Amino acid sequence: MSLLIVRDLAVRIGAIQPVAGVSFDIAAGETFTLLGESGCGKSMTALALMRLLPPLARITRGEVNFAGRDLFAIPEAGMRELRGGGMAMIFQEPATSLNPVMTIGAQIGEVLRLHGGKPERVIELLELVGIPDPARRASEYPFQLSGGMKQRSMIAMALAGDPKLLIADEPTTALDVTIQAQVLDLLKRLQRERGMAMLLITHDLGVVARMADRVGVMHGGQLVEVSKTEPFFRAPAHEYSRRLFAALPENLSGGRTPSPPNPPLEGEGNKGGCPLEGEGNKGGCLLEGEGHAALLAVENLSVHFPIRRGLLQRTVGYVRAVDGVSLKVSRGATLAVVGESGCGKTTAGKAILHLLKPAAGRISFGGEELKTIAPERMQMVFQDPFGSLNPRLRIGRILAEGMRAQGVQGDVGQLLEQVGLDAAMASRYPHEFSGGQRQRIAIARALAVNPQLLICDEPTSALDVSVQAQILKLLRNLQQQRGLSYLFITHNIAVVDYLAHEVAVMYLGRIVEQGTADDVLRNPQHPYTQALMAAVPRLDGQAGTPLLVPGDPPSPANPPTGCHFHPRCPHALPACKDRYPDATPLSGTHSVRCFIRFQGSGSRVQ
């Protein structure tokens, strides 16, 4: 018997109809997934079920029956009891859903009081969702928690009323792959233990494969396909569903990225001077072959932020955001830097451009050492294009500013056309564009001064799969046309596989493994790299291996002794706690900082 029955639900906002006649059922204990791109009506459908629509939105038709009750016939006072008690919702962005001036425990306690729960259950709920040291965390504020812990706190709050139906709106979109895997496993476990039904809203096909019993594909406010998960992944019936699969990085035309020009070579011709050994080099780097000159060379880069306390703001310590990173980017090639949030990827990118002052290290570009702000030949594409574009200026002026400042001649219209936009769009403001279009504008702005290297900071992390595919194809085409080099910062392994020639894996300010994309992705040797690969959701619904790392990374203000990864490593040796391992060259293109060796199957070699 169905717990939730939705029939012909329609929602209108003025002249716009974001939900246009949606019908589906969810049984007790079942996970039904609404899959689709931003703007298709997924979240608006969920808000309509909870009767939490924005002020201008109204339900124009339809029926919603929950546990035998007509939700549209219940007065608002009754809905307040039902929300949390019968139905609960986890919102997409926990940072904006949690009250910043209340402790986590107080916010969960508020829900417990509303639904007749006991206050002492706060600790029990935090423990249930896997938050370490729950008694201490209950007294902390949202800003003191990591993204993963904030999301787990939201789940604890949603569970406080013992709901029969949990609505999860993109619960893992902003999380790293390892934390995403933990949250998804947590939701599965809690659902199994409590017999909850779940409405999961996502645009990630891997999450659908891992979580869903049935899937509903939403497009233009309508459900265009409803199917059980296994036949859907075997043979999607609707053309739009097939387009979603085709937009995955592994399915894009052209396949994986080709080898860069003059690939790294082994042998005595190595002239790169890559210091793999030695205590000073904490990052490791790729060996270079003769004639394979690096465009960008970074040696032992460190960025430390002071921790100040007291009335006089004395420095009592440092956050070691980047702690001895060495890497090289070849001409016309892409080096991907991957790792969890807080590992120092973005800080390293900004320090290379001298947007942040390095504490130590040497940065060379084209053979010349950089000691001040980077020249126009190096540009950055930021993660949030809307935040990096001046909302008061038209696009044409934004693009022209950089050219005027650097004395570069160029045509704004041609620049827009090169990134796939119409030249006439130069007269518009940033808010008049979609997220994908704004990212194209950010790329055009970076290209305006004819750079040789782009530092791309998570440029596709907030985009739907089809828009992500367009941006990735654009970046690859621009690299081929202009001979661009990319330092590509990301946590999306599929994107790395599509775009990168070389990969550097970063953990808590240091590079732990580095090599070609084939080396690192097909034969990972560091346990952290293996954990990243294992956590990637696959379309068969399974993780790559059962290896998952627990918890969040330690604070860079107080990193563990020895190998920083050893508290989370399932293979840690006594030596891992005592000293940081030197970089070991596994081949002419692959190095790792680990005391453990693995065979191709992933088994340990003693």
Side-chain angles (χ1 to χ4, degrees), residues 13-16 18 37-40 54 56 93 96 174 220 346 349-350 353-356 373-490:
I13 304 176
I16 302 171
E37 298 173 288
S38 297
C40 71
L56 296 179
E93 180 46 70
T96 59
T346 298
K350 290 181 177 179
L353 290 170
H354 280 269
L355 297 177
L356 293 173
I373 194 74
E376 72 279 1
R377 292 175 296 164
M378 298 169 64
Q379 295 293 311
M380 191 162 188
V381 178
F382 294 93
Q383 182 172 359
D384 179 12
F386 191 70
S388 63
L389 299 173
N390 191 327
R392 297 185 179 89
L393 298 183
R394 298 180 191 271
I395 296 305
R397 185 174 171 188
I398 289 174
L399 298 182
E401 266 191 335
M403 290 189 276
R404 282 198 301 269
Q406 299 293 343
V408 175
Q409 298 297 318
D411 184 281
V412 167
Q414 289 181 357
L415 199 57
L416 286 172
E417 289 174 352
Q418 190 172 13
V419 296
L421 299 174
D422 195 293
M425 292 179 173
S427 61
R428 298 185 190 176
Y429 290 93
H431 73 271
E432 298 179 81
F433 294 89
S434 68
Q437 288 173 323
R438 283 196 288 266
Q439 196 59 278
R440 289 174 184 268
I441 293 165
I443 294 170
R445 181 179 59 179
L447 295 176
V449 293
N450 298 320
Q452 294 174 273
L453 171 73
L454 291 187
I455 298 178
C456 302
D457 183 15
E458 300 272 15
T460 63
S461 64
L463 303 178
D464 293 316
V465 63
S466 61
V467 181
Q468 172 184 268
Q470 295 169 18
I471 298 299
L472 291 176
K473 284 184 176 180
L474 171 64
L475 289 171
R476 177 184 272 188
N477 291 338
L478 289 171
Q479 185 171 54
Q480 293 170 351
Q481 294 165 9
R482 289 175 168 245
L484 289 168
S485 299
Y486 295 139
L487 178 62
F488 199 91
I489 296 167
T490 186

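Residue numbers start at 1 and run along the sequence shown. Computed from a predicted model, the values in this text were never measured in an experiment.
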As an exercise, state the distance from [atom1] of [X] to [atom2] of [Y], rounded to the nearest 0.5 Å.
{"X": "Thr460", "Y": "Phe488", "atom1": "OG1", "atom2": "CZ", "value": "5.0 Å"}
{"X": "His431", "Y": "Leu389", "atom1": "NE2", "atom2": "CG", "value": "12.5 Å"}
{"X": "Leu415", "Y": "Glu417", "atom1": "CG", "atom2": "CD", "value": "10.0 Å"}

With sequence neighbours excluded, residues passing side chain to side chain contact (heavy atoms under 4.5 Å, CB included) with Leu356: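 For Leu356, the residues satisfying side chain to side chain contact (heavy atoms under 4.5 Å, CB included) (neighbours in sequence not counted) are Phe305, Thr347, Lys350.
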Any residue meeting side chain to side chain contact (heavy atoms under 4.5 Å, CB included) with Pro391, in chain and number order, not counting sequence neighbours: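 Result, side chain to side chain contact (heavy atoms under 4.5 Å, CB included) vs Pro391: none returned.
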Please set out all donor-acceptor pairs under 3.5 angstrom arising from side-chain atoms of residues 445-455, sequence neighbours excluded.
| residue | atom | partner | partner atom | Å |
| --- | --- | --- | --- | --- |
| Arg445 | NH1 | Ser388 | O | 2.7 |
| Arg445 | NH2 | Ser388 | O | 3.3 |
| Arg445 | NH2 | Ser388 | OG | 3.4 |

With a 4.5 Å cut-off on side-chain heavy atoms, are [Y] and [X] touching?
{"X": "Leu478", "Y": "Tyr486", "value": "yes"}
{"X": "Glu458", "Y": "Thr346", "value": "no"}
{"X": "Met380", "Y": "Asp457", "value": "yes"}
{"X": "Leu399", "Y": "Leu416", "value": "yes"}

Under the side chain to side chain donor-acceptor pair (under 3.5 Å) test, residues paired with [X] that sit two or more places apart:
{"X": "Arg482", "value": "Gln418"}
{"X": "Ser427", "value": "none"}
{"X": "Thr490", "value": "none"}

Any pair with a residue in residues 401-412 that passes side chain to side chain donor-acceptor pair (under 3.5 Å), sequence neighbours left out, goes on the list, sorted by first then second residue, please.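 Pairs touching residues 401-412 that pass the test: none.
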Tell me whether the count of non-hydrogen atoms from other residues, nucleotides or ligands lying under 6.0 Å of CZ in Arg377 goes above 12.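 Yes, the 6.0 Å shell around CZ holds more than 12 heavy atoms from other groups.
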Which donor-acceptor pairs under 3.5 Å do the side chains of residues 436-443 make with protein atoms, sequence neighbours left out?
| residue | atom | partner | partner atom | Å |
| --- | --- | --- | --- | --- |
| Gln437 | OE1 | Ser434 | N | 3.0 |
| Gln437 | OE1 | Ser434 | OG | 3.4 |
| Arg438 | NH1 | Pro430 | O | 3.4 |
| Arg438 | NH1 | Phe433 | O | 2.6 |
| Gln439 | NE2 | Pro459 | O | 2.8 |
| Arg440 | NH1 | Val419 | O | 2.6 |
| Arg440 | NH2 | Gln470 | OE1 | 3.3 |

I would like to know whether Val412 and Met403 meet side chain to side chain contact (heavy atoms under 4.5 Å, CB included); could you show each step before the answer? CA-CA 10 Å; Val412 167; Met403 290 189 276; 3.7 Å; yes
